[in-house]
Every structure is written in C-alpha cells, then in structure tokens.
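Right, one structure below, let's go through it.
All values reported here derive from a predicted model rather than from experimental measurement.
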Amino acid sequence: MGKSKVLVVGATGYIGKRIVKASLDQGHITYVLQRHEIGLDIDKLQLLLSFKKQGARLVEGSFSDQKSLVEAVKKVDVVICTLSGVHFKSHSILMQLKLVDAIKEAGNVKTSLSYDLFAYGRGSDSRLATKHRFLPSEFGMDPARMGHALAPGRETFDQKMIVRKAIEEAKIPFTYVTASCFAGYFVGNLSQLETLTPPKDKICLYGDGNVKAVYMDEDDIATFTIKTIDDPRTWNKTLYMRPPENILSQRKLVEIWEKLSGKELEKINISGEEFLASMEDKDYAAKGGMGHFYHISYEGSLTNFEIGEDGEEASTLYPEVIYTRMDEYMKIFL
C-alpha cells in the first residue's frame, strides 16, 4: 500500500522537529506546515529550511486562515500536531480545534477500517488497512486519567480532553501518544526543579524516592510515534511508552548517576505536604508544571494503572526499536 504521507504541525518545536526527522528517516513523504506567524523569527525559518534540505516539503498555512489549513491537510494521509501545551512556553492546545475542523472539511482522512489483524505482520496481501489518522498534541500523561489533577495544571489535561472529544465526535481516526517524562527535562537533572543539569552535592528526593515513572529519550518518542501511523493495531487507540528498562524510580536515577560520576550525593527527603506548600508562592506557569510533577513523583500517575484494551505499549509493538537506556543517556553529562 505504500507509506503514509504525513503533515507535521508545530514542526519547529521541541518534539515537532524530532517528529519530522523520524518521519523522513522512516521513508515517509513529509510535509511541514510553515506558518505565517513566524514573522522575523530567523531560527524557526532556518530550521524549516533545514527540513527542506533533508527532503521535507514546506506548505504554507495559518490557524487564522482556515482555507490554508484545509489545503495542507488535503495533501496527506496523516496529520501529526505537536503544538505546545505547557504554560512556561506557548499554550496552544485548543488551537487544534481549527485543525480538527480542517480535517473534517478536507475529507481525505477516512473514517473506516477493514483489515485482517491476524495476518498483520505476516506478509499477507489479503489485509486492507486504512492508515489515515490524526495524532493530536499529547506526548505526556494520559489526560483521560487525570480528571483529579491539581489546578492550574489540570487545564492542560482538560483542554486535551476537549480536543479528543472533538476528534471522536467528528469520527476522525486517531492515535493518542502518551510518552511519559522527557529525558531532557527529567533525567539530566535527576528530576530536580529549576535546573536541567545534575546537582553537584545535594539531591531532593520526592517522598522516599521510590515512586516509579517512565523516562524517554525524545528521539525515541519520535521514532515510536512514526511507527504507529501505518499500523492498524494503533488505530483509534492510545499508545503508551513504557519500555521496561526505562521504568525507574527517582532513587534509581540517582543511583545510576552516582555510579557514573563516582560521587555520592546528600539526600534530602521532601514530603508531599512540603512539596505542595512550596507551590503556594509560585506564579501560574510554575504552579502548573509543579502540579504535573507532583502527580508523577508522588502519585505515580505514569505507572499506577494497567494498559487496557484501548491501549498498546510501544516497545512491545516495536521490539526492533533499540531505545535509549537512561544510564547511556546520562553519560553526556560526565
């Protein structure tokens, strides 16, 4: 059937640029939305032009020009959106509602699926699999499991659920990607706030430090994401990234770093009550991020549930992907 044609929206962002690379690396014709709003941002323009050199096709469009979005969507089979949903950057989750409308109007992202799942992966020519789908901007915790989340951080989850509702009401095929903790933000700093590099002498442990989370190299997130788009097993499902060797407690992260660096750190335990109290004098954006941190580090919101029939686990589906282990990831900081 050939590989899907892909449109990436939000391609100059933290995850978006990796999605573009992974799409090209895996042989997809890849379109990148070039938004008029970049204005004089030379860094974004040069990044877009670098995608073009790698083989991507730039297509102009804007969220203020619905016709341009429709025309961009008509060129492809799969739309992947990576607009930011964190408050310390731009918070653009609900802009995707315009993208949902564009997909509906374009009409080429189909809403039917027929395939022989038993034959999938066995070289059978008898299967017929619809590949068309929309991957909205998620890539963190599963918002469907975060109805209890603390304000103001729960706004992100609530808005993602609004987008999901719009997608499903429009009967647009989807794959929701939950990617857990980005290594760049959670691993090099041993999950410390307000820094991105390893602490020199002291480390704050959240509770006893034994609550488990999942840590993912961002390039691996992109690789797994692109793997899903021609896979009928992920059609209208949630993809969870839980590679076994990357399910670690904060205490284990610290142990790995101490072994690599040859230096033991002083541990300071921070209770849940102390952590919540420390949020009170923070600004809106900081409170939002710290709320997410609390759910991950104290409640174990990434690992305290079983993946049900509506989900799939990435490393199980794609064992051929050699994902980055966190001991290897940390070596760059030595």
Side-chain angles (χ1 to χ4, degrees), residues 4-16 19-20 23 28 30-38 59-87 89-113 130-147 154-179 222 225-226 228-232 234-239 310-311:
S4 295
K5 293 178 289 184
V6 180
L7 172 67
V8 182
V9 180
T12 60
Y14 186 66
I15 289 297
I19 293 288
V20 173
S23 180
H28 294 273
T30 304
Y31 290 83
V32 171
L33 191 70
Q34 180 177 342
R35 295 163 59 194
H36 307 312
E37 290 82 359
I38 67 170
V59 54
E60 292 189 359
S62 171
F63 281 92
S64 62
D65 179 0
Q66 193 70 6
K67 182 179 178 181
S68 69
L69 290 182
V70 172
E71 291 304 311
V73 171
K74 284 182 177 180
K75 296 178 182 295
V76 301
D77 309 305
V78 173
V79 179
I80 303 176
C81 186
T82 61
L83 293 176
S84 174
V86 292
H87 287 89
K89 292 187 176 181
S90 60
H91 193 75
S92 310
I93 293 299
L94 290 182
M95 287 176 63
Q96 294 179 102
L97 295 176
K98 293 185 177 181
L99 197 51
V100 170
D101 288 340
I103 292 170
K104 286 165 57 180
E105 185 175 344
N108 58 312
V109 176
K110 310 209 185 311
T111 58
S112 63
L113 177 67
T130 291
K131 301 176 294 185
H132 302 71
R133 68 187 79 186
F134 177 36
L135 282 66
S137 185
E138 298 231 355
F139 305 103
M141 287 182 276
D142 184 355
R145 301 180 184 275
M146 298 307 298
R154 69 168 297 153
E155 179 185 24
T156 297
F157 305 123
D158 291 344
Q159 290 185 355
K160 287 181 178 180
M161 291 305 295
I162 290 171
V163 174
R164 284 191 180 191
K165 184 173 185 287
I167 292 168
E168 292 168 25
E169 286 183 347
K171 294 183 171 56
I172 296 170
F174 61 83
T175 299
Y176 302 139
V177 177
T178 67
T225 297
I226 296 300
T228 70
I229 63 177
D230 284 342
D231 188 346
T234 59
W235 196 83
N236 286 354
K237 287 192 174 185
T238 299
L239 182 79
D310 293 332

Which of Ile167, Val73, Leu69 passes side-chain contact (heavy atoms from CB on, under 4.5 Å) with Ile103? It is Val73

May I ask you to say whether [X] pairs ionically with [Y], meaning some side-chain N is under 4.0 Å from a carboxylate O?
X	Y	result
Asp231	Lys237	no
Glu60	Arg35	no
Lys165	Glu169	yes
Arg145	Asp142	yes

Counting only N and O atoms by type, is there a donor-acceptor contact under 3.5 Å from the side chain of [X] to the main-chain atoms of [Y]?
X	Y	answer
Lys98	Gln66	no
Ser23	Val20	no
Ser137	Leu83	yes
Arg133	Ile172	no
Thr234	Thr228	yes
Ser62	Ser64	yes

Quick one: closest heavy-atom pair of Gly16 and Val8, and the distance?
O-CG1, 4.2 Å

